[in-house]
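Throughout, a chain's letter reflects where its sequence line sits, starting with A, and its residues are numbered from 1. All of these numbers come straight from a predicted model, not from anything done at the bench.
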Amino acid sequence: MLYWLLKSEPDVFGYPDLVRVGKEPWNGVRNYLARNYLRQMVAGDLCLIYHSNAKPNGVAGVARVVRAAYTDNLQFDPESAYFDPKGLPDNPRWSMVDVSPVLAFPTLLTLDALRGLLEWADSPLTQKGTRLSVIPVTAEQFRAALEAVGLELEQLSAAST
DNA sequence: GCCAACGTTGGC
DNA sequence: GCCAACGTTGGC
């Protein structure tokens, strides 16, 4: 089982939206490193959903990968903001995964709070200038994030069926 | 293959 | 709204 952090802008699509829809294709990732991480995901991986460009920024909840990487068709749609003229149907350039909500954090785990956790000191999230939108998370980082809002791993398995 | 210019991200 | 940092593009 691997852990990840996915950024979203709550004004566009935040954790409450994920809860509302129940399942969401995580499309629109147009960065090669982020895409490569998406392609490493397998169903069952857990993701921290992070709100950026928010007040305040932070992790709002946990989601689960419910479908491994497949073609992000927005790359073929000229009407889409995510259209990529170089994304050829027989050799797609961009991928997405499906995620579903698992558990909302009882309180937002703010960026400031994350910076206060030793485990997160070397994460791209807390380093200046990093704009990666899909970030690998270690088991230690994941556990520390849960603990910081008073949750335990076992509660995730209880919440997920 | 280099690198300047540009567009975007994202914290503040 | 500002701006630093970064990735991408395109001219050469």
Would you kindly give the [atom1]-to-[atom2] distance between [X] and [N], to the nearest whole Å?
X         : N       : atom1 : atom2 : answer
Asp11(A)  : dG11(B) : CG    : P     : 13 Å
Gln127(A) : dG11(B) : CD    : P     : 14 Å
Asn31(A)  : dT8(C)  : CG    : C1'   : 10 Å
Leu132(A) : dT9(B)  : CG    : P     : 13 Å
Tyr32(A)  : dT8(C)  : OH    : P     : 7 Å
Asp112(A) : dG10(B) : CG    : P     : 17 Å
Asp84(A)  : dT8(C)  : CG    : P     : 11 Å

Exercise. Among all residues two or more places apart in sequence or in another chain, which pass the ring-ring contact (aromatic ring centres under 6.0 Å, His included) test with Trp120(A)?
Worked result: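 Listed in chain order: nothing, the list is empty.
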
For this session: Return each pair, listed once, that meets side chain to side chain donor-acceptor pair (under 3.5 Å) where at least one residue sits in residues 18-28 of chain A; pairs must be two or more places apart or across chains.
Result: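 Applying side chain to side chain donor-acceptor pair (under 3.5 Å) to every pair that reaches into residues 18-28 of chain A, excluding sequence neighbours, yields Asp17(A)-Arg20(A).
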
Problem set entry | Of residues 46-54 of chain A, the positions that come close to DNA chain B - non-hydrogen atoms, cut-off under 4.0 Å |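 Within residues 46-54 of chain A, the residues near DNA chain B are Tyr50(A), Ser52(A), Asn53(A).
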
Problem set entry | Hydrophobic cluster partners of Met96(A) (side-chain heavy atoms under 4.5 Å) |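 Once heavy-atom contacts under 4.5 Å are chained together, Met96(A) belongs with Tyr70(A).
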
Exercise. Do you know which two heavy atoms are closest between Pro101(A) and Val19(A), and how far apart they sit?
Worked result: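 Answer, listing the atom of Pro101(A) first, then Val19(A): CG-CA, 3.8 Å.
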
Exercise. Which atom names give the shortest non-hydrogen contact between Pro92(A) and Arg39(A), and what distance separates them?
Worked result: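 The answer is O-NH2, 3.7 Å.
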
For this session: Name all pairs fulfilling the salt bridge (charged side-chain N to carboxylate O under 4.0 Å, His left out) condition that reach into residues 73-84 of chain A, sequence neighbours left out, sorted by first residue then second.
Result: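 Qualifying pairs: Asp84(A)-Arg93(A).
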
Exercise. Does any pair with a residue in residues 143-156 of chain A pass salt bridge (charged side-chain N to carboxylate O under 4.0 Å, His left out), and if so which ones, sequence neighbours excluded?
Worked result: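 Qualifying pairs: none.
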
For this session: Using a cut-off of strictly less than 4.0 Å, decide whether Lys128(A) has a side-chain nitrogen or oxygen near OP1 or OP2 of dG11(B).
Result: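 It does not, given that no N or O in the side chain of Lys128(A) lies less than 4.0 Å from OP1 or OP2 of dG11(B).
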
Taking only N/O atoms, report every protein-nucleotides 3-7 of chain B pair under 3.5 Å with atom names and distance.
none

For this session: Would you classify Arg115(A) as touching base, sugar-phosphate or nothing, given that sugar-phosphate means primed atoms plus P, OP1 and OP2, and contacts are heavy atoms under 4.0 Å?
Result: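 Sugar-phosphate only.
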
For this session: Could you tell me which residues satisfy salt bridge (Lys or Arg N to Asp or Glu O under 4.0 Å) with Arg35(A), sequence neighbours excluded, listed by chain and number?
Result: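 By the salt bridge (Lys or Arg N to Asp or Glu O under 4.0 Å) rule, Arg35(A) matches no residue at all.
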
Side-chain donor-acceptor pairs of residues 5-12 of chain A under 3.5 Å, sequence neighbours excluded:
from    : atom 1 : to        : atom 2 : distance (Å)
Lys7(A) : NZ     : Leu132(A) : O      : 3.0
Ser8(A) : OG     : Phe13(A)  : O      : 2.9
Glu9(A) : OE2    : Asn53(A)  : ND2    : 3.1

